[in-house]
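In this chain, residues are counted from 1 in sequence order. If you're wondering where the values come from, they're calculated on a predicted model, not measured in any experiment.
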Amino acid sequence: LPADLVSFTSAAGRKLFKESLNEGYAEGYFNLAGNFTVQSEPAYCGPSSLAMVLNALEVDPGRTWKGVWRWYSDELLESCRTESDLKANGITFDQFMCLASSHARVVAKRGAQATREEFLRDLMYVTQRDDVFMVLSFSRRVLGQTGDGHFSPIGAYHPESRMALVLDSARYKYPSWFGDVDMLYDSLQPVDKETGLPRGYFLVSRMDSGLDLNLLEPLALSRPEDGATVDLSERPSGAFPIKISCGGKKPNSCCSAK
């Protein structure tokens, strides 16, 4: 790991986790840890992270995995991409949103949508609960890691050091690790070359959870070029979409939206 990141299993990482747990900012960790999923293919970080979260939420997939068992695994989460394309390139931010929305309630925020304060607010909110989880879509390069685009869920937050635990789905490459919240926020900002849009994060809960996720919808921002406040709900369709239809005939389905 780069020097700025702290391995979860190191002495320092264990100390951070114990203190996070004692402070009440690791409430969902055990749900995730009990369903931790190492991605089955090098590019399956998105489906693997989603499967981990859905199993942690005990969402019924409505079909069997093997034998009589109903269970989410990354290879069973269908994407509009072909299997060969998925194995080579993974999924984009919007395709993750599309898949997740078919199984759960989701709020999606591009890196350019949320301020640092909003990102920290959302992170603190989810780590104090076990019925909603955060999945990052981030650039490894910004954190000094090898590779670039990656998905992984958040497992805990340490308020004193302002570091968050990322449960890295590519366990064969990196251990789970604590990273500075400001660095994590910066890692959401780079533009994905495939879509031409920044990365971001997702808040995922059960459809029947009863949580008022409207409280976590993106806040109004100021555009840096003119300083004008923009209500994201009033933006033109296609600009940082929040909800995307999946598999339907609408032009902004997961197969066509960026």
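Ile91 CD1 to Leu99 CG: the interatomic distance, rounded to the nearest 0.5 Å, is 5.0 Å. Rounded to the nearest 0.5 Å, atoms OG1 (Thr115) and NZ (Lys109) are 8.5 Å apart. Taking CG from Leu188 and CZ from Arg110, the interatomic distance works out to 11.5 Å, rounded to the nearest 0.5 Å. One finds the CG atom of Asp168 at 6.5 Å from the CH2 atom of Trp177 (value rounded to the nearest 0.5 Å). Between the CZ atom of Arg14 and the CZ atom of Phe8 there is a distance of 8.5 Å, given to the nearest 0.5 Å. Separating the CZ atom in Phe202 from the CG atom in Leu50 is a distance of 9.5 Å, to the nearest 0.5 Å.
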Check step by step if side chain to side chain contact (heavy atoms under 4.5 Å, CB included) holds for Ser152 and Leu167. CA-CA 6 Å; Ser152 281; Leu167 298 176; 5.8 Å; no
Side chain to side chain contact (heavy atoms under 4.5 Å, CB included) between Leu197 and Asp192, worked out: CA-CA 6 Å; Leu197 294 171; Asp192 181 351; over 6 Å; no
Between Val166 and Leu184, does a side chain to side chain contact (heavy atoms under 4.5 Å, CB included) hold up when you go through it step by step? CA-CA 10 Å; Val166 177; Leu184 290 178; 4.2 Å; yes
Could you walk me through whether Met97 and Val204 pass side chain to side chain contact (heavy atoms under 4.5 Å, CB included), step by step? CA-CA 10 Å; Met97 177 65 186; Val204 186; over 6 Å; no
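A 4.5 Å side-chain heavy-atom check between Leu143 and Pro2 finds every atom pair outside the cut-off. Proximity of Asp4 to Asp180: side-chain heavy atoms (C-beta onward) are nowhere separated by under 4.5 Å.
Using a distance-only test at 3.5 Å, with no hydrogens or angles considered, a donor-acceptor pair links the side chain of Tyr174 to the main chain of Thr146. Not a single donor-acceptor pair under 3.5 Å links the side chain of Thr127 to the backbone N or O of Ala156. A donor-acceptor pair under 3.5 Å is formed between the side chain of Arg206 and the backbone N or O of Leu57.
Closest approach of Ser101 and Val106 over heavy atoms only: N-CG2, 3.9 Å. For the residue pair Gly13 and Val6, the shortest heavy atom distance occurs at N-CG1, 3.5 Å. Of all heavy-atom pairs between Met207 and Ala104, the closest is CE-N, 3.4 Å. Here the shortest heavy-atom pairing between Ala164 and Leu123 reads CB-CD1, 3.8 Å. Scanning both residues, Leu120 and Arg162, for their nearest heavy atoms gives CD2-NH1, 3.3 Å. Nearest approach of Gln145 to Leu1, heavy atoms of both residues: NE2-CD2, 3.9 Å.
The hydrophobic cluster containing Phe178 does not contain Val142, counting ILVMFWY residues as joined when their side-chain heavy atoms lie under 4.5 angstrom apart, directly or transitively.
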Please table the atom pairs, donor to acceptor, closer than 3.5 Å between any side-chain atom in residues 22-31 and protein atoms at least two apart or in another chain.
residue: Asn22; atom: ND2; partner: Lys18; partner atom: O; Å: 3.3

Table please: side-chain donor-acceptor pairs of residues 130-139 below 3.5 Å, with sequence neighbours left out.
residue: Asp131; atom: OD1; partner: Arg129; partner atom: NE; Å: 2.8
residue: Asp131; atom: OD2; partner: Arg129; partner atom: NH2; Å: 3.0
residue: Ser139; atom: OG; partner: Arg141; partner atom: N; Å: 3.4
residue: Ser139; atom: OG; partner: Asp148; partner atom: OD1; Å: 2.6

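Using a 30° and 60° split on the angle between ring planes, His103 and Tyr72 fall in the perpendicular class, above 60°.
Between Glu117 and Arg121, none of the side-chain N atoms (NZ, or NE/NH1/NH2) sits under 4.0 Å from a carboxylate O, so this pair counts as no salt bridge.
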